[in-house]
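Take a look at the structure set out below.
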Amino acid sequence: MGVAGPGVSPIHWHAPKDPRQTPWLGASGWLALTRCQVGLLGKRVLAQASAIDKLIDRPGEDIGDVAALRGSCQAQVRAAASVGVISPELVQRCVHLLALLAQRSLGLRPSVPQLMAAIAMTQGNLVQLAPGEGKTLSVAMTAVWFAWSARPCHVVTANDYLAGRDAQLMRPFYHVCGVSVDAITDATPHQQLGNCYRADVVYATAKQFLADFLRDDLLLQGARDPVRRRLWHMRANATGQQPVMRGLHAAIIDEADGVLIDEATTPLIIAQPEEDKSQMLLAIARARDLVEELKLERDYSLHMQAGSVVHFTPEGKSRIESLAQEFGDYWQTPLRREEIFNLAIMARDVFQRDRHFIIRDGAVVIVDENTGRSMPGRSWSHGIHQSIEAREGIALTKLTRISARMTFQEFFRHYHRLCGASGTLHGLGFELWSTFGVCTLRLPPRTPSRLAILPRRHFLGRAEKLKGFVERVVELNQSRCPVLVGTRRILDSEQIALALQERGIACAVLNAKEHAREAEIVARAGELDRVTVATNMAGRGTDIVLAPGVEALGGLSVLMFESHESPRIDWQLFGRAGRHGSRGSAQAFASFEEELILRYLPVWAKPLRWIKARAGMDHWRLELLLWLSQLHAQRIAAAQRRYLAMVQKQLREQLGFTRA
């Protein structure tokens with residue numbers, strides 16, 4: 001089906017939830033949280049999953065007329081969803097049928113943890129599953145449940161690759177369940193978005209869903225309820241331009257902590273070009289050379305923990321005043337001239353090539369630090385993008401003005417039903433419940449983990465760490481074990497790959513520059529003698545299949561070159577090994593020159609680092625510095641999320657209308 005055109009009735013719209021509604025903060029919500037914390041929810045879900053597991057293995061089990069059973073369950077789910085009362089018996093009956101259909105269409109028999117995950121998610125919970133337990137099938141079973149209610153269901157994946165892969169992998173299962181499915185990626189033509197959103201289940205990234213929601217909101221001029229939307233259609237049908245989404249109802253988030261926590265405060269901005277900013281573009285181009293007169297610490301200080309904020313010293317302000325004579329009268333006021341030099345400093349000292357951005361086809365392309373993936377077609381706002389272009393000697397693009405913006409934290413509060421899964425939700429239960437109203441359930445693994453976490457290797461400086469790191473890769477390669485090297489930056493991945501090539505070790509490099517070969521590189525990463533050097537692209541959701549004979553040699557070995565701000569992200573990388581109960585190993589490397597320590601070590605703890613520098617290697621001190629730095633970084637991030645939630649609540653109260 002296509003998008004409704006002129007004279008065509010619009011598709012049924014499911015209005016988003018008012019974020020001001022927080023029923024979970026009442027008595028019933030506290031009761032639900034308490035039941036989850038003391039384990040009552042887990043016991044009930046385990047009992048249901050165990051009962052289904054026994055039914056699946058019942059001798060002579062035959063689901064009979066698939067269409068009839070499917071139609072019966074679908075009708076019951078739709079009726080229950082319309083009144084908002086869903087019985088545990090209905091959930092158990094439907095999940096049992098879905099398990100049998102998965103076995104028939106995919107040849108996959110859901111395990112007890114997978115059944116528990118599906119049951120818990122249909123009830124609006126987040127689940128923590130061990131890496132390799134099979135979240136993809138549990139997510140698909142939950143998506144069918146929501147699709148049977150005849151309301152839009154969005155499956156949020158960590159990246160475009162996983163969106164396309166999971167939708168295609170689960171397509172036979174969706175087909176036998178009578179549910180249509182589609183995936184949206186950056187390669188999807190804009191004119192096809194309406195068709196994609198007509199599917200019962202849609203796979204895409206959080207950025208894609210939020211961007212399409214904001215574009216529709218701009219087109220509809222903020223009409224988010226059915227009445228105002230119908231009025232808009234009556235006025236605007238003659239234009240032929242129609243929104244693409246069917247509304248917001250259910251969201252199932254794969255790698256939920258990455259979206260709801262790590263990217264919670266990241267705003268997605270819809271911008272439009274500004275035509276009358278030629279004067280600012282000229283100033284940006286001129287400031288690119290003049291900023292070389294400014295020196296760090298003498299003229300300005302850079303506070304990285306506060307989001308890279310520049311503070312000018314009195315001497316720096318005086319020097320800026322003299323340099324600003326090169327500009328027109330518009331830049332002679334203190335705030336404006338400091339603004340233009342602030343942009344030039346950010347482009348020179350903060351935004352790094354092959355880390356924050358790459359140059360592709362003569363354009364600056366942003367790299368997402370969380371996923372390591374490029375984001376073509378997107379740009380930084382407020383002149384930062386143009387300042388980077390000037391710094392790189394690239395033709396300056398037009399400045400833009402913000403038309404709409406929203407954070408992921410605010411966006412996912414608009415869904416009526418929110419659930420998801422991840423392997424790293426520990427320590428986040430109360431924050432996820434207080435912000436989104438979802439409980440977190442930790443599920444037992446199907447088989448005990450055989451992942452061996454080796455002691456961290458410590459070094460004095462980065463050069464020594466790189467040398468020791470390469471030696472370890474060579475040692476593992478000589479044993480023919482496949483090796484996955486995890487880095488945070490494109491530059492590091494290329495430097496390690498070059499050092500390995502000098503030692504005669506062939507390796508595959510997976511980063512934002514090599515995204516087109518991702519499927520091929522991942523498919524071969526578990527082969528004998530294989531060395532794969534990757535950024536965070538090989539983190540969340542990547543399933544590396546081991547070739548025959550690999551497990552006997554010890555399985556996949558994961559080596560982490562540099563720690564992240566959150567240990568959860570470190571564990572996501574480690575989780576690429578030891579999946580499905582197989583053997584594997586993981587090891588981290590660290591030095592006293594880690595950016596994590598330099599940027600996030602608390603001021604009161606800095607003497608520990610200086611004492612170490614004079615005393616020589618001291619392993620426990622480095623471990624303490626890393627722990628303090630990660631703890632401080634997490635506290636800063638949590639404070640930012642709490643502050644954002646408070647500000648958004650105040651804005652909703654100030655701008656909201658009183659309902660009759």
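Residue numbers start at 1 and run along the sequence shown. In this text, all values refer to a predicted model and were calculated from it rather than measured experimentally.
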Short N-O contact, Lys207 and Asp368, less than 4.0 angstrom: yes
query: Looking only at side chains, do Thr397 and Glu389 share a donor and an acceptor under 3.5 Å apart?
result: yes
Minimum-distance pair of heavy atoms, taken over all atoms of Ala264 and Leu644: O-CD2, 3.9 Å
field: Taking every non-hydrogen atom, the tightest pair across Val156 and Ala206
entry: CG1-N, 3.5 Å
Donor-acceptor side-chain pairing of Thr424 and Gln572 below 3.5 angstrom: yes
query: Would you call Arg198 and Asp182 a salt bridge, using N to O less than 4.0 angstrom?
result: no
- prompt: With a 4.0 Å cut-off, would you call Glu594 and Arg488 a salt bridge?
  reply: no
- request: Work out which heavy atom in Ser374 is nearest to a heavy atom in Ile358; give both atom names and the distance.
  value: CB-CD1, 4.3 Å
query: Quick one: are Val181 and Met170 in side-chain contact, heavy atoms under 4.5 Å?
result: no
- prompt: Are Ile490 and Val367 close enough that some pair of their side-chain heavy atoms sits under 4.5 Å apart?
  reply: yes
field: Heavy-atom closest contact (Ser28 atom, Pro23 atom, distance)
entry: OG-O, 4.2 Å
field: Minimum side-chain heavy-atom gap Met121-Ser138 below 4.5 Å
entry: yes
- prompt: Hey, does Asn125 have a side-chain heavy atom less than 4.5 Å from the side chain of Cys36?
  reply: no
query: Can you find a pair of side-chain heavy atoms, one from Asp349 and one from Tyr300, that are under 4.5 Å apart?
result: yes
Non-neighbouring partners of Arg456 that pass side chain to side chain contact (heavy atoms under 4.5 Å, CB included), sequence neighbours left out: His458, Ser563, Ala588, Ala590, Glu623, Leu626
query: Step by step, would you call Glu255 with Lys135 a salt bridge (charged side-chain N to carboxylate O under 4.0 Å, His left out)?
result: CA-CA 9 Å; Glu255 307 298 350; Lys135 296 191 300 293; 3.5 Å; yes
- prompt: Would you say the side chains of Asp257 and Ser422 form a donor-acceptor pair under 3.5 Å?
  reply: yes
- request: Determine the interplanar angle of the His632 and Tyr600 rings, folded into 0 to 90°, and report it as parallel if under 30°, tilted if 30 to 60°, perpendicular if over 60°.
  value: perpendicular
query: How about His564 and Asn536: does a side-chain donor come under 3.5 Å of a side-chain acceptor?
result: yes
- prompt: Which atoms form the tightest heavy-atom contact between Leu193 and Asp212, and what is the distance?
  reply: CD1-OD1, 3.7 Å
message: Between Phe213 and Phe411 (judged by ring centroids, cut-off 6.0 Å), do the two rings come close enough to count as a pair?
response: yes
query: Above 12 or not: heavy atoms from other molecules or residues under 6.0 Å from CZ of Arg360?
result: yes
query: Minimum heavy-atom separation for Pro19 to Arg413, with atom names?
result: O-NH2, 2.9 Å
- line: Residues passing the side chain to side chain donor-acceptor pair (under 3.5 Å) test with Arg417, sequence neighbours excluded, are none
query: Do Arg215 and Ile270 come within less than 4.5 Å of each other through their side chains, counting heavy atoms only?
result: yes
query: Got a sec, which residues hit side chain to side chain donor-acceptor pair (under 3.5 Å) with Ser493, two or more places apart in sequence or on another chain?
result: Asn511
query: Taking only residues two or more places apart in sequence, or in another chain, which ones meet Ala347 in a side chain to side chain contact (heavy atoms under 4.5 Å, CB included)?
result: Ser387, Ile388, Arg391
Min side-chain heavy-atom separation Val127-Arg442 under 4.5 Å: no
- request: Please report the C-alpha distance between Val365 and Arg378 in whole Å, then the side-chain angles of each, then the deciding distance to 0.1 Å, and finally whether the side chain to side chain contact (heavy atoms under 4.5 Å, CB included) criterion is met.
  value: CA-CA 7 Å; Val365 179; Arg378 297 177 183 175; over 6 Å; no
query: Can we say Arg489 and Asp354 salt-bridge, meaning some charged N sits less than 4.0 Å from an Asp/Glu carboxylate O?
result: no
- request: Compute whether any side-chain donor of one residue and acceptor of the other, for Asn159 and Glu518, lie under 3.5 angstrom apart.
  value: no
- prompt: Would a 4.5 Å heavy-atom cut-off, applied to side chains only, mark Leu510 and Val533 as touching?
  reply: no
task: Compute the centroid of each ring, for Phe436 and then for Trp24, and state whether the two points are separated by less than 6.0 Å.
output: no
- line: Sorted by chain and residue number, the side chain to side chain donor-acceptor pair (under 3.5 Å) partners of Thr265 (sequence neighbours excluded) come out as none
query: CG of Leu622 to CD1 of Ile597: how many Å apart, nearest 0.5 Å?
result: 5.0 Å
- request: Return each pair, listed once, that meets salt bridge (Lys or Arg N to Asp or Glu O under 4.0 Å) where at least one residue sits in residues 418-433; pairs must be two or more places apart or across chains.
  value: Glu431-Arg641
task: May I ask you to decide if the ring planes of Tyr197 and His154 are parallel, tilted or perpendicular, using 30° and 60° as cut-offs?
output: perpendicular
message: Ile253 and side chain to side chain contact (heavy atoms under 4.5 Å, CB included): which single residue from Leu260, Val438, Val155 fits?
response: Leu260
